Amino acid sequence: MRRPYASVLSPVGQLNKQHAEPVGPAGLIGRRRFLQGGGALLAGSAMAGHAVAQEPASWSRPGLAFSNYGQPADDQITAIRWISENPAVPGDGVSWTPLHELEGTITPNGLHFERHHNGVPQLDASQWSVAIHGLTDRALRFDLEALHRYPMQSRIGFLECGGNSNTLWHPHPVQAAAGHLHGLVSGCEWTGVPLSVLLDEAGLDPDAQWVIADGLDASGVTVSLPIAKCLDDVLVALYQNGEALRPENGYPVRLFVPGWEGIVNIKWLRSLQLSAKPLWSKFDTVSYTDLHADGIAERMTFEMGVKSVITSPSPGQRWSSSGVYEVRGLAWSGAGTVQRVDVSADGGSNWAQAILQEPVLDKALTRFRIPWQWDGSAQTLLSRAVDSAGQVQPSRAALLEAKGGNAYHHYNATVSWQVAESGVITHVYL
Ligand SMILES: Nc1nc2c(c(=O)[nH]1)N[C@H]1C(S)=C(S)[C@@H](COP(=O)(O)O)O[C@H]1N2
Ligand SMILES: [Mo]
């Protein structure tokens, strides 16, 4: 028999009394302290559960019928992508993953962010094929049936647009939810055929140093990828979280290039040309380059930097009372694994180490969590990630200093949310 709720949960009113003694820097209960008994302390206090007299009545009528394809609960109306389109170019724009509505590290397929330069092409997968040609022993063409006969691999990884978080270059903090500022990143399990296997089938000419990948949508997105990366870990992906790719994410086949900026993850793949030199396409040169303060554009800035963002709380939310909350967020790095995430609740004066959700995977979203006893005063929360390459997520001031005033891509500075006395959460710069 289940225990009645009242015996395991205590009323909210007792919470502050039990946490009257300080628990860590600015109320943060760090990893070590949590493991030493802070967890038990929290479990006993029952946080914000309400006492109830009895269990809810069970449903006494048959429920709704089966469905061919499941949908979220009807009340989950805010857990949706947020679309922002370019009015000047048809099909150009983005839709953002609502990071502040999600938990864990895997983005549901219907909420994976989208970035199209010219819309989602209407294509017939039975007519689809990809050609491997150029500096190869033989030119080969693979249709879906052929691709399915090759050995597949799965890997969990993040995909992030180079332009993610770029509203934070703005001199004033834009007020928007975590996912509407930072949600051009998603995490999936991608499955497909390693590109190295297909390149091996075609046979590489020793002069083949670049793979020029081309999509078949109207935008003419073509990029040049160094051969070393293509032979290392690039997937010719057919599946996303166990099901066939979604049309908006490249169905039937896309490249998944672990840790590298979104643009090189070519969707609706149609051609891979082996070449001695990069193509220097529009997307290798004009777009997705990093303009420095002196006006020089750095090209091929492929690897995504170390980054973290608190997703709960998120701007726009309001906490109803002081007391214990769990601060939760995501961290990732294109250079490897997330080694640690520190959280500050006093604007960066003191830091405590957050708990990382296992398994912590290479070039994948990593969930961090840390309990915080909020005393009801105005405080500023921020997180700072360190990766396995020893890179530390920079402060906003350090990033601006390093990049100068012309930067547009690769914004990876620490992000700060203020909790006001009223409990209202806002985006602030430190
Ligand atoms: N063919 C094609 N591939 C493309 C794009 C595109 O517009 N066309 N956009 C690129 C960009 S800029 C990004 S960030 C990622 C986005 O992938 P997603 O829409 O699956 O999130 O796809 C990349 N691949
Ligand atoms: Mo992108």
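Both counts, for ligands and for their atoms, begin at 1 and track the order of listing. Values in this document were obtained by computation on a predicted structure and should not be read as measured data.
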Of all the non-hydrogen atoms in the protein, which one sits nearest to [atom], and at what distance?
atom                    : answer
atom 24 (N) of ligand 1 : Asn265 O, 3.1 Å
atom 21 (O) of ligand 1 : Phe113 O, 2.6 Å
atom 15 (C) of ligand 1 : Gly262 O, 3.5 Å
atom 19 (O) of ligand 1 : Lys267 NZ, 2.5 Å
atom 12 (S) of ligand 1 : Tyr288 OH, 2.9 Å

Look only at interatomic distance and state if Trp268 has a nitrogen or oxygen under 3.5 Å from any nitrogen or oxygen of ligand 1. no

Polar contacts were defined as any N/O atom of the residue lying under 3.5 Å from an N/O atom of the ligand; does this apply to His116 and ligand 1? no

Using heavy atoms and a threshold below 4.0 Å, how should the contact between [X] and ligand 1 be classified: side chain, backbone, both, or neither?
X      : result
Asn118 : neither
Asn249 : both
Asp217 : side chain

Distance under 4.0 Å to a non-hydrogen atom of Cys161: what atoms of ligand 1 satisfy this? 14 (S)

Ring centres under 6.0 angstrom apart (Trp82, His180): yes

Close aromatic pair by centroid cut-off 6.0 Å: His427 and Tyr429: yes

Establish, for the pair Arg396 and Trp169, whether the NZ or CZ atom is under 6.0 angstrom from the six-membered ring centre and no further than 45 degrees off its axis. no

Do Arg384 and Trp351 form a cation-pi contact, if we require the NZ or CZ to be under 6.0 Å from the six-membered ring centre and within 45 degrees of the ring's axis? yes

Counting neighbours of CZ on Arg138 that are heavy atoms of other residues, nucleotides or ligands and sit closer than 6.0 Å, is the number greater than 12? yes

Could you verify whether a donor N or O on one side chain and an acceptor N or O on the other, from Lys307 and Ser165, lie under 3.5 Å apart? yes

Determine whether the side chains of Glu114 and His116 contain a donor N or O and an acceptor N or O closer than 3.5 Å. yes

Close side-chain approach of Trp332 to Val309, heavy-atom, < 4.5 Å: yes

Any idea which of Arg115, Glu114, Arg254 brings a heavy atom closest to atom 17 (O) of ligand 1? Arg254

Proximity winner for atom 6 (C) of ligand 1, if only heavy atoms of His117, Glu248, Arg270 are counted: His117

If the contact criterion is a heavy-atom separation under 4.0 Å, does Glu261 count as touching ligand 1? no

Determine, for Glu248 against Arg81, whether the closest basic-nitrogen to carboxylate-oxygen distance falls under 4.0 angstrom. yes

